[in-house]
Amino acid sequence: MSLLKISALTVSGVTLWLAPPFVFSRKIPLHNFLQGVALVSGFACAFEARRCALKVAKTEEFEAMKDAAVAADVVDEIATSAYVSEQQRRNEAELLIASDSNRELLERALALSCEGEEAENVQLAQNADNELRERILQLQARGYGKAKIILEIWGVTKGGSPKYKAAEAEYKRLMQEEGV
C-alpha cells in the first residue's frame with residue numbers, strides 16, 4: 001500500500017480513461033467493446049487508488065496516535081517513578097525520625113552541625129569586616145573622604161536615604177573597631 005502503488009493506479013486509471021477514444025475506431029463493434037472495457041478498468045483503477053490512499057492515510061494517522069500514546073506513557077512513567085521515589089524517601093525519613101535512638105543521633109548531629117556553622121559564620125563575618133576595613137584604609141590613604149568612601153564601597157550617594165544611613169552606620173562601626 002505504498003505511494004508508488006497509488007501513483008501507478010492513478011496514472012493507469014487516467015490512461016485507460018483518456019487513451020481509448022483516440023486509439024479505437026467507433027465504427028468497429030469490437031473496438032467499441034474494448035473501449036468500454038478500458039473505461040471500466042479506468043474506473044476500477046481510480047477506485048482502487050482511492051481505497052489504497054485512504055488506507056495509507058488511516059495508517060499514518062494511527063501511527064501518529066500510537067507515537068503520541070507512547071510519548072504520553074513515557075512521561076507518565078517518569079512522573080510515576082519520581083513520585084514513588086519521593087514517597088520512599090519520605091517513608092525512610094519518617095522511619096528514622098520515629099525511632100528514638102535515631103532521633104537522638106539526628107538531634108546530636110544537628111546540634112553539632114549548628115555549632116560548627118555558627119563558628120564558621122562568625123569567622124566569615126570577621127573576615128568580611130577585615131576586608132572592608134582594609135579597603136577603607138586604602139581609600140583614606142588615597143585621600144578619599146567619608147562620603148566618597150561610602151560611595152565607592154557601598155555604592156550610595158550622600159543624602160538621607162535609608163541605604164546611605166545604613167552604609168554610614170556600618171562605616172562608623174568599622175572605624176570604631178579599628179580605633180581610627
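Rounded to the nearest 0.5 angstrom, Ile78 CD1 and Asp73 CG are separated by 11.0 Å. Here the CD-CD1 distance, from Gln138 to Ile153, works out to 9.0 Å after rounding to the nearest 0.5 Å. We find the CZ-CG distance between Arg50 and Leu54 to be 5.0 Å, quoted to the nearest 0.5 Å. Once rounded to the nearest 0.5 Å, the distance linking CZ of Arg173 with CG of Leu132 reads 8.5 Å. We find the OH-CD distance between Tyr83 and Gln87 to be 4.0 Å, quoted to the nearest 0.5 Å.
A search for side chain to side chain contact (heavy atoms under 4.5 Å, CB included) contacts involving Thr80 returns Asp76, Val84, not counting sequence neighbours. The side chain to side chain contact (heavy atoms under 4.5 Å, CB included) test applied to Ala167 returns Ile150, Trp154, Val156, not counting sequence neighbours. The salt bridge (charged side-chain N to carboxylate O under 4.0 Å, His left out) test applied to Lys58 returns no partner, not counting sequence neighbours. Every residue was checked against the side chain to side chain donor-acceptor pair (under 3.5 Å) condition with Tyr164, not counting sequence neighbours, and none meets it.
The stretch residues 77-90 participates, sequence neighbours left out, in these salt bridge (Lys or Arg N to Asp or Glu O under 4.0 Å) pairs: Glu86-Arg89, Glu86-Arg90. Applying the salt bridge (Lys or Arg N to Asp or Glu O under 4.0 Å) test to residues at least two apart or on different chains, the pairs with a partner in residues 138-154 are Arg135-Glu152, Lys146-Glu168.
Looking at heavy atoms from C-beta onward, Lys66 lies in side-chain contact with Glu63 at the 4.5 angstrom threshold.
Residues Leu139 and Leu151 do not share a hydrophobic cluster, defined by chaining ILVMFWY side chains whose heavy atoms lie under 4.5 Å apart.
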